[in-house]
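One-based numbering, in listed order, for ligands and for the atoms of each.
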Amino acid sequence: MSSTLAATLRFPAATPPAVGSPIEIAPGILWLRLALPFQLNHVNIYLIEDGDGWAILDTGINDARTRVWWETLLAGPLAERRPTRLICTHFHPDHVGLAGWLIEKCGLELVMSRTEYLGTQFHRRWAEPEEIEAHTRFYTACGLDEHAIGALMERDIGYRWLTTDVPPSYHRIAAGDTLTIGGRRFEVLTGGGHSYELVMLYCRAENLFLAADQVLAKISPNVSVWPHEPTGDPLGEYLRSLAALAQAIPHDAFVLPAHNLPFYGLHDRIAELSRHHDQRCQDILDACAGEPVLPAEIVPLLFPRKLDAHQTSFAFGEALAHINYMRRLGWMTAEPGEDGRLRVRPA
Ligand SMILES: [Zn+2]
């Protein structure tokens with residue numbers, strides 16, 4: 001994820017709640033922060049009044065610290081209302097990490113979209129030796145060095161440790177569904193690009209939009225090509241999702257995102273995120289206007305500061321997402337060089 005800043009957004013709560021201490025951000029909706037041991041150092045969890053209990057939206061990662069926060073919350077601030085169900089917006093560890101643990105502890109139903117549920121299981125069994133071999137071949141062909149490939153493999157294999165097993169069955173929700181939580185009716189929306197079928201919830205009566213990671217106030221959500229979908233177009237999916245959101249959700253909705261602060265100014269932020277990606281595309285076209293280059297060679301052109309292996313691996317996924325998007329639009333072409341490695345250039 002990279003940082004961009006919207007000048008026109010409005011933040012009703014200037015500072016986030018302390019880690020582990022929920023505050024009421026809208027009537028009957030608690031906003032909770034949990035810390036993450038990554039560069040992105042927090043995730044927002046929401047608790048939505050659900051009859052005599054709380055529906056929980058997302059979980060944080062599976063680590064000892066996060067389990068202690070949940071135990072403290074369940075015994076303390078949340079003790080008067082029981083958890084009713086767990087809705088996980090997408091398969092990333094900061095959102096679904098403790099699902100299996102929380103569900104077992106509290107006897108909850110898991111609510112997810114189908115691709116995110118199956119994606120959790122798929123990524124938990126990564127990576128078998130033949131997958132590691134195939135993915136390494138792909139990354140090598142794109143020009144990544146062994147350190148960056150190592151970091152990517154670490155991320156992929158690490159998923160298993162940052163998550164718990166999801167239960168063998170779940171309640172599926174899909175775009176177009178209505179989900180009733182307590183007295184509220186939420187429209188279910190889904191979007192691709194950052195994840196597969198990321199779930200967002202919109203309460204039209206109160207103009208409240210639970211956006212998960214799809215629209216964040218300060219960060220441009222990571223949009224990366226995965227090695228099992230090397231020709232995939234997550235950026236195209238993401239940009240189409242942003243356009244659909246601008247149609248479906250009013251500009252003056254109160255946006256409750258999974259990272260950064262809740263905000264007003266949805267359409268401005270959507271426009272800004274789209275512009276950011278347009279600019280990235282233009283930067284890539286400018287940067288490789290000469291000789292055809294390996295996809296990995298585009299990373300230092302886009303990110304001139306020195307990146308460590310981890311940052312390189314993420315930056316590479318983003319760069320490739322822009323390349324694949326432009327290949328589909330006919331703005332770039334790719335051909336294998338004499339060494340069999342893929343080289344790209346503007347069309
Ligand atoms: Zn996230």
Side-chain angles (χ1 to χ4, degrees), residues 1-4 16-17 19-20 25 31-48 56-63 65-66 69-70 86-102 110-113 115-117 119-120 122-124 152 155-156 158-164 166 189-201 209-226 234-235 237-238 241-242 245 255-263 266 269-270 273 276-277 310-311 313-315 317-318 321:
M1 302 209 189
S2 58
S3 245
T4 55
V19 166
I25 185 69
W31 171 27
L32 167 70
R33 270 228 165 157
L34 297 177
L36 298 174
F38 311 123
Q39 197 185 6
L40 176 59
N41 63 6
H42 70 274
V43 59
N44 298 327
I45 310 287
Y46 297 97
L47 299 135
I48 306 166
I56 301 173
L57 190 70
D58 289 341
T59 69
I61 61 164
N62 172 36
D63 67 1
R65 195 165 65 147
T66 311
W69 280 319
W70 274 115
L86 173 64
I87 305 160
C88 288
T89 58
H90 60 297
F91 81 92
H92 295 168
D94 43 338
H95 303 269
V96 78
L98 272 181
W101 180 85
L102 260 180
L110 176 63
V111 180
M112 281 181 95
S113 69
T115 322
E116 297 300 335
Y117 174 74
T120 306
F122 171 68
H123 286 273
R124 276 186 59 73
L152 281 159
R155 175 194 71 176
D156 295 350
Y159 183 82
R160 184 178 314 192
W161 312 114
L162 294 172
T163 54
T164 49
V166 286
L189 300 99
T190 59
H194 174 64
S195 185
Y196 302 123
E197 192 189 356
L198 174 143
V199 164
M200 296 159 277
L201 299 175
F209 179 44
L210 291 148
D213 284 7
Q214 205 71 347
V215 186
L216 305 171
K218 291 188 181 172
I219 296 168
S220 171
N222 181 256
V223 174
S224 276
V225 171
W226 286 91
L235 180 57
E237 281 183 77
Y238 181 66
S241 164
L242 288 183
L245 289 179
V255 184
L256 301 174
H259 306 282
N260 304 146
L261 299 173
F263 67 93
L266 179 66
R269 185 55 182 152
I270 285 174
L273 287 165
H276 164 76
H277 289 294
H310 260 275
Q311 292 164 329
S313 62
F314 279 98
E318 272 296 314

Visitor: For the Zn ion (ligand 1), find the closest N/O/S atom belonging to D213 and write down its atom name.
Guide: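 In D213, the heteroatom (N, O or S) nearest the Zn ion (ligand 1) is OD2.
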
Visitor: With the Zn ion (ligand 1) at the center, what angle do OD2 from D94 and NE2 from H259 span, rounded to 10 degrees?
Guide: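 Once rounded, the angle between the two atoms at the Zn ion (ligand 1) is 80°.
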
Visitor: Please examine the side chains of F91 and T163, heavy atoms only from C-beta on, and report whether any two atoms are closer than 4.5 Å.
Guide: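 The answer is no; the side chains never approach within 4.5 Å.
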
Visitor: Taking 2.8 Å as the cut-off, does an N/O/S atom of H95 lie below it from the Zn ion (ligand 1)?
Guide: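 An N, O or S atom of H95 is closer than 2.8 Å to the Zn ion (ligand 1), so yes.
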
Visitor: Under 2.8 Å from the Zn ion (ligand 1) - does any N, O or S atom of H92 fall there?
Guide: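 So H92 does not bind the Zn ion (ligand 1) by this criterion.
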
Visitor: Can you say whether the rings of W226 and Y196 are parallel (under 30°), tilted (30 to 60°) or perpendicular (over 60°)?
Guide: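 If you compare the ring of W226 with that of Y196, the planes turn out tilted.
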
Visitor: How are the rings of W31 and Y46 set to each other: parallel, tilted or perpendicular (split at 30° and 60°)?
Guide: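 The arrangement is parallel - the two ring planes meet at less than 30°.
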
Visitor: Determine the interplanar angle of the H95 and H259 rings, folded into 0 to 90°, and report it as parallel if under 30°, tilted if 30 to 60°, perpendicular if over 60°.
Guide: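 Judged by the thresholds at 30° and 60°, the geometry between H95 and H259 is perpendicular.
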
